Amino acid sequence: MHTLKKNRPLRRIVLASAATVSGMVLLLSLKPHTTPAVAGLASSPAPSSSSSASSGTAGSDGTTGSDGSSGSAATGTRSLTGDSVQTRWGPVQVRVTLKDGKLTDVTAVTYPQENPRDQQINAYAIPQLTREALTAQSADIDTVSGATYTSDGYRQSLQSALDSASG
């Protein structure tokens, strides 16, 4: 006698339902893995977007002015901080270092880090944007896929820092 006989449809329904419920329980009990990059970012001190968002006077377009520059005119090295650009996920601000008019370093001073997803996205987006800016020697850089808002804010802040260097 076979357990799934055609003359016992109720037994087939019960077994199919039990198998479906068991499969769903197993599927929902799986835990998503965390990437090592995100775990490493959580323990390292990083600039907080909430504290820098509240400091400074915001303009009507949601940006704050350049923080100024430092450096020596004799060496030709200057460090300039761009405008803090408010994006959908938080402010983005970069600092550039120019030596004899050439872009030698770009550092993201402020960028979204409020949750693990922000940290994960920016862990790969910020270094990529920095590499592109140093290669292009301008703010004419590509948007990083998956980090559109951060890329736009980075580009705008970088352009404001470069504008303040030339003006």
Side-chain angles (χ1 to χ4, degrees), residues 27-28 30-167:
L27 182 65
L28 294 175
L30 292 175
K31 303 284 187 232
H33 71 284
T34 57
T35 59
V38 173
L41 283 176
S43 64
S44 66
S48 171
S49 61
S50 60
S51 64
S52 55
S54 62
S55 65
T57 306
S60 61
D61 62 351
T63 60
T64 58
S66 174
D67 287 81
S69 62
S70 64
S72 170
T75 63
T77 302
R78 295 193 307 169
S79 181
L80 302 155
T81 303
D83 291 343
S84 178
V85 179
Q86 186 63 38
T87 68
R88 179 177 179 178
W89 304 112
V92 177
Q93 186 176 28
V94 299
R95 180 178 299 123
V96 299
T97 302
L98 299 166
K99 183 172 184 178
D100 298 326
K102 184 177 178 184
L103 191 60
T104 58
D105 187 35
V106 182
T107 305
V109 178
T110 306
Y111 52 92
Q113 297 185 36
E114 293 299 315
N115 59 56
R117 183 68 178 142
D118 288 344
Q119 295 170 2
Q120 181 183 23
I121 289 170
N122 291 322
Y124 73 87
I126 298 295
Q128 188 170 341
L129 291 165
T130 300
R131 279 192 304 273
E132 287 201 24
L134 291 173
T135 302
Q137 291 292 306
S138 71
D140 186 21
I141 56 178
D142 291 333
T143 298
V144 175
S145 179
T148 304
Y149 294 105
T150 300
S151 297
D152 290 344
Y154 190 98
R155 191 179 307 110
Q156 290 174 25
S157 183
L158 177 60
Q159 185 62 56
S160 72
L162 294 174
D163 288 347
S164 65
S166 64

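Please read these numbers as outputs of a predicted model, since none were measured by experiment.
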Side-chain contact, heavy-atom cut-off 4.5 Å: [X] with [Y]?
| X | Y | answer |
| --- | --- | --- |
| Gln93 | Asp83 | no |
| Val109 | Val94 | no |
| Thr77 | Leu98 | no |
| Ser79 | Val96 | no |

Looking just at side-chain N and O atoms, do [X] and [Y] make a donor-acceptor pair shorter than 3.5 Å?
| X | Y | answer |
| --- | --- | --- |
| Gln128 | Arg131 | no |
| Arg95 | Thr107 | no |
| Asp152 | Gln156 | no |
| Thr150 | Asn122 | yes |
| Thr130 | Tyr154 | yes |

To the closest 0.5 Å, what do you measure between [atom1] ([X]) and [atom2] ([Y])?
| X | Y | atom1 | atom2 | value |
| --- | --- | --- | --- | --- |
| Ile126 | Ile121 | CD1 | CD1 | 11.0 Å |
| Asp105 | Leu134 | CG | CG | 6.5 Å |
| Tyr111 | Ser157 | OH | OG | 13.5 Å |
| Ile141 | Ser151 | CD1 | OG | 7.0 Å |

- [ ] Could you check Gln119 against Asn115 for side-chain contact (heavy atoms from CB on, under 4.5 Å), going step by step and ending with a plain yes or no?
- [x] CA-CA 6 Å; Gln119 295 170 2; Asn115 59 56; over 6 Å; no
Open item on the list: Evaluate Val92 against Thr110 for side-chain contact (heavy atoms from CB on, under 4.5 Å), listing each step before the verdict.
Closed with: CA-CA 5 Å; Val92 177; Thr110 306; over 6 Å; no
- [ ] Give a yes or no on whether the backbone of Thr148 and the side-chain of Thr143 come within a donor-acceptor separation of less than 3.5 Å.
- [x]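 No.
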Indicate the atoms forming the closest heavy-atom contact of [X] with [Y], along with that distance.
| X | Y | value |
| --- | --- | --- |
| Pro112 | Pro91 | CD-O, 3.7 Å |
| Leu80 | Ala165 | CD1-CB, 3.1 Å |
| Gln159 | Ala139 | OE1-CB, 3.2 Å |

Open item on the list: Working note: Asp142 + Glu132, criterion side-chain contact (heavy atoms from CB on, under 4.5 Å); need CA distance, chi angles, decisive distance, verdict.
Closed with: CA-CA 8 Å; Asp142 291 333; Glu132 287 201 24; 3.5 Å; yes
